[in-house]
Novice: 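Please read through the structure below; I'll follow up with questions.
Given the structure is predicted, the values throughout are model-derived calculations rather than measurements.
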Amino acid sequence: MKGKEWYQADDVAEEYDSKRFSRGGRLIDDREKKAVLDALAPVEGEDVLEIACGTGRFTAMLAERGADIVGLDISEAMLAQGREKARSAGVADRIEFLRGDAARLPFPDDHFDAVFAMRFFHLAETPAKFMAEMARVSKDVVFFDTFNDRSTRVVYNWLLPMGSHLYSASQVNRLLDGAGLRLVDDQHDFLLPYGFYRKIPNGVAQEFRDLDTSLGEATIGPWSVGDALASVSYWTATVDDE
């Protein structure tokens, strides 16, 4: 995985949430959590696996809503942050945090009701292998996000410490087909890149977000601007039993 050593550093884990989801970045956090809930809810009583759970932003959120969830990550430092978050939220008994490799998941086939990964596939050097493993252990839903190759992400991608794998819709569809998954919903958002929102204060972030959303909903002939130029896409698929 790209940036593996960087990602596992203690100081990166300690500052991860504050650097990415403070200031205007809170809008990103809210949107990502909504995307996860749209794809997975209702989760009460469901067995869920989160790949690359990081500091447990989504893990704790779903446990608070009644899911029994396993959070898997390659970084012990990130997992430590997740365990603390779960304890603070009072949901540690509903979460198991495991250090592991997403390319070799330590679970039997059809073990979870849903499997998801956020902020993962842009770092994946072997995305087909990861997708196949997610599909293998899910009975039903597989949900993930991607950064897109026709977006503003291209402009500043080279500045990122880890780099990013940017995807086209056709690449995503090939990944799904190869893993035996069927796409059931896709959403596309953020014309302005995440890095922009992280740099601006809360007071003006919502104004830019409103403009971003309005532009994304605009159409040019049969084309949606957001579908064509969004920085991020959210993909909901289901295991194809046929």
Novice: Does any part of the side chain of Met134, heavy atoms only, come nearer than 4.5 Å to the side chain of Ile51, both counted from C-beta?
Specialist: yes
Novice: For residues 63-102, pull every pair meeting ring-ring contact (aromatic ring centres under 6.0 Å, His included), keeping only residues two or more places apart or in separate chains.
Specialist: none
Novice: Any non-hydrogen side-chain atom of Val36 less than 4.5 Å from a side-chain atom of Leu62?
Specialist: yes
Novice: Side chains of Val142 and Thr238: closer than 4.5 Å at any heavy-atom pair?
Specialist: no
Novice: Once you round to the nearest 0.5 Å, how far does OH of Tyr167 lie from CZ of Phe144?
Specialist: 8.5 Å
Novice: Show me the pairs that pass side chain to side chain donor-acceptor pair (under 3.5 Å) and involve residues 87-97, at least two apart or across chains.
Specialist: Asp68-Arg94, Glu84-Arg87, Glu84-Ser88
Novice: Just to verify, which of Asp145, Asp186, Asp227, Asn148 counts as forming a side chain to side chain donor-acceptor pair (under 3.5 Å) with Ser233?
Specialist: Asn148
Novice: So do Tyr234 and Thr146 actually touch side chain to side chain, heavy atoms under 4.5 Å?
Specialist: no
Novice: Within 45 degrees of the ring normal and closer than 6.0 Å to the centroid, is that where the cationic atom of Arg31 sits relative to Tyr197?
Specialist: no
Novice: List in chain and number order the residues that pass ring-ring contact (aromatic ring centres under 6.0 Å, His included) with Phe112, two or more places apart in sequence or in another chain; answer none if no residue qualifies.
Specialist: Phe107
Novice: Hey, is NZ on Lys139 packed in by over 12 heavy atoms from elsewhere, all under 6.0 Å?
Specialist: yes
Novice: Under a 4.0 Å N-O cut-off, is there an ion pair linking Arg65 with Glu46?
Specialist: no
Novice: In Å and rounded to the nearest 0.5 Å, what is the CG to CG distance from Leu27 to Leu192?
Specialist: 11.5 Å
Novice: Decide, yes or no, whether a salt bridge links Asp189 with Lys34 under the criterion of side-chain N to carboxylate O below 4.0 Å.
Specialist: no
Novice: Between Arg104 and Asp101, does the salt bridge (charged side-chain N to carboxylate O under 4.0 Å, His left out) criterion hold? Intermediate values first, please.
Specialist: CA-CA 6 Å; Arg104 293 184 293 273; Asp101 183 354; 2.8 Å; yes
Novice: Is it the case that Asp185 and Gln187 place a side-chain donor and acceptor less than 3.5 Å from each other?
Specialist: yes
Novice: What class does the angle between the rings of Phe116 and Phe143 fall in, given that below 30° is parallel, 30 to 60° is tilted and above 60° is perpendicular?
Specialist: tilted
Novice: Between Asp29 and Arg26 (salt bridge meaning N to carboxylate O under 4.0 Å), is one present in this structure?
Specialist: no
Novice: Report yes or no: do His111 and Asp109 form a side-chain donor-acceptor pair below 3.5 Å?
Specialist: no
Novice: How are the rings of His188 and Trp235 set to each other: parallel, tilted or perpendicular (split at 30° and 60°)?
Specialist: perpendicular
Novice: Report yes if the side chains of Val70 and Ile95 come closer than 4.5 Å at any heavy-atom pair, otherwise no.
Specialist: no
